[in-house]
Amino acid sequence: MLKNIRALKPVFLPVCMVFILFYHIDKNYFPQRDHFSCKKSPNQTDRWLIVFWSTIFGKQPGIELKWNKSDCPVACQVTSDHSRACDADGFVVHARDSHMIPPTESVPWILYTQENPIYTSVMNDAKFMSRFKLLVSYRLDYDFPWPSFHMPNATPPLRFKEKTKLIMAAFSNCEPVRTEYMRQLMKFVQVDSYGDCLRNKHGLVERYGSRNGSNFLELKTELAKQYKFTLVFFNQDCDYFVDAQLNHALNAGSIPVVMSTDKLDEFLPGNLRHSVIKVRDFRTPKDLSDYLKYLSRNETEYNKYLSWKLEGIENITGTAIENVWKPKYPLYCQICVALSQGRIHEKGLEPIPCKARAYEDWGITPSSRTTLVMKNVMLLYLLSLLTPILI
């Protein structure tokens, strides 16, 4: 008997861990809502109430917003207080915290994300998406566009001769294709990399660090002012995925060299149309390097990309980005209005697909060693995304 117990010891812990994992998944991803019932608060007014049900990257958002009819077409309130669930007219769930499912489907669910589908797999899940009736996201072509790219400021940049450095980059996610493209670009032109990928320069704090009261984004923007160009390679080529990297470069007056889809154009109205250099306009990294070196020696041609800093962005009326940069009403007010008018997707949202970036899309071929290293980096990154689910 004792021998049998000893023989079981090596498998006992793994079996227990598997059992706990499945219990966690069943509890969080397939919660039982059959017994959920409640009554509206007797003090509930005609104010439309949205409850932000999930965390955001595991952190409680602490939201409490309110508008009267003088500020919004309908009286509207947003809260992250779960005790208000019975009074809710809608629930918001952050896509990267999608295990936190609202307690009832009697009112619309609203999906919120500023992340692309490659790193947010639920956006490709037809069954999951069909349960949501509205989408708040980075996409300009959906219900409520809310990208992390904001209207850039037109503060005059340093003069051409005052920018003593050439190209900077600061990537924290070493996505294989953009990292390899930067590696090959470095063969032909100096690129100062301050991030986790191919780092050859120091002096910039880590992504969530700070120095003398300034955070990473502020320090990065200040550093970029010294550079003629900044590499802005988004972490995937998903339509409409444009993030704050572009803000950092534009605000600094360092010409962005952008790796993205053609949907980028919809984020650049007026004079911003000519404010960036698109990687896809060049056949190879060498061709791009030749053009950057040409501009670095030609002040007149270089300054054409910064003319918007002097002339302003101009009129954005009627553009896709207008309601993001100059909304008539706040975001959640707009959602309350949609709920009050029944403007929802009755059959739920459709999946939002995105094909992972490929080397051939950008005219490069990685070495076998690079392929192996980058696969390991990608695996580690994806595992880091799963960690909050597994603990």
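Along the sequence shown, residues are numbered consecutively beginning with 1.
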Q: Show your reasoning for whether disulfide bond (SG atoms under 2.5 Å apart) applies to Cys72 and Cys336.
A: CA-CA 9 Å; Cys72 180; Cys336 281; over 6 Å; no
Donor-acceptor pair between [X] and [Y] side chains, under 3.5 angstrom:
{"X": "Glu64", "Y": "Thr79", "answer": "yes"}
{"X": "Asp192", "Y": "Tyr227", "answer": "yes"}
{"X": "Thr155", "Y": "Asn153", "answer": "yes"}

Side chains of [X] and [Y]: does their closest heavy-atom pair fall under 4.5 Å?
{"X": "Glu175", "Y": "Tyr119", "result": "yes"}
{"X": "Trp362", "Y": "Glu180", "result": "no"}
{"X": "Val136", "Y": "Tyr332", "result": "no"}
{"X": "Ser193", "Y": "Met186", "result": "yes"}
{"X": "Val92", "Y": "Ile50", "result": "yes"}
{"X": "Phe234", "Y": "Val258", "result": "yes"}
{"X": "Leu111", "Y": "Met129", "result": "yes"}
{"X": "Arg47", "Y": "Asn68", "result": "yes"}

Q: For residues 265-300, pull every pair meeting ring pair (Phe, Tyr, Trp, His ring centres under 6.0 Å), keeping only residues two or more places apart or in separate chains.
A: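 Output for this query lists Phe282-Tyr291.
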Q | ring pair (Phe, Tyr, Trp, His ring centres under 6.0 Å): pairs with one or both residues in residues 66-87, sequence neighbours excluded | A |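 Listed once each, the pairs are Trp53-His82.
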Could you check whether any side-chain N or O of [X] sits under 3.5 Å from a backbone N or O of [Y], counting only pairs where one atom can act as donor and the other as acceptor?
{"X": "Lys286", "Y": "Phe188", "value": "no"}
{"X": "Asp237", "Y": "Arg357", "value": "no"}
{"X": "Gln226", "Y": "Thr164", "value": "no"}
{"X": "Ser80", "Y": "Ile63", "value": "yes"}
{"X": "Asn215", "Y": "Glu218", "value": "yes"}
{"X": "Arg280", "Y": "Ser260", "value": "yes"}
{"X": "Lys263", "Y": "Val242", "value": "no"}
{"X": "Lys165", "Y": "Phe229", "value": "no"}
{"X": "Asp89", "Y": "Leu49", "value": "yes"}
{"X": "Glu162", "Y": "Arg159", "value": "yes"}

**Q.** Over 12 foreign heavy atoms within 6.0 Å of NZ, Lys278
**A.**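 Atom NZ in Lys278 is crowded, with more than 12 foreign heavy atoms closer than 6.0 Å.
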Q. Do other residues, nucleotides or ligands put more than 12 heavy atoms under 6.0 Å from the NZ atom of Lys69?
A.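 Result for NZ/Lys69: open.
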Is [Y] reachable from [X] through a run of I, L, V, M, F, W or Y residues, each pair having side-chain heavy atoms under 4.5 Å apart?
{"X": "Val232", "Y": "Met151", "result": "yes"}
{"X": "Phe128", "Y": "Val107", "result": "yes"}
{"X": "Ile277", "Y": "Leu166", "result": "yes"}

(Q) Any salt bridge linking Arg199 with Glu206? Criterion: basic side-chain nitrogen under 4.0 Å from a carboxylate oxygen. (A)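 Looking at Arg199 and Glu206, the cut-off is met.
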Q. Can a salt bridge be assigned to the pair Arg84 and Asp87 using a cut-off of 4.0 Å between side-chain N and carboxylate O?
A.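 Looking at Arg84 and Asp87, the cut-off is met.
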(Q) Tell me which pairs pass side chain to side chain donor-acceptor pair (under 3.5 Å) where either residue lies in residues 138-151, with sequence neighbours left out. (A)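 Checked against side chain to side chain donor-acceptor pair (under 3.5 Å) - neighbours excluded - the pairs reaching residues 138-151 are Arg139-Asp141, Asp143-His345.
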Q: Go through the steps for Trp109 and Phe132 under the test ring-ring contact (aromatic ring centres under 6.0 Å, His included), then give the verdict.
A: CA-CA 5 Å; Trp109 293 2; Phe132 291 84; 5.5 Å; yes
Q) Quick check: are the SG atoms of Cys197 and Cys174 less than 2.5 Å apart? A)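 Correct, these two cysteines form a disulfide.
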(Q) Please tell me whether Cys76 and Cys333 are bridged, where bridged means their SG atoms are separated by under 2.5 Å. (A)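 With an SG-SG separation of 2.5 Å or more, Cys333 and Cys76 do not form a disulfide.
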Q. Can you tell me how far CG of Leu246 sits from OG of Ser275, rounded to the nearest 0.5 angstrom?
A.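 Rounded to the nearest 0.5 Å, the OG-CG separation comes to 7.0 Å.
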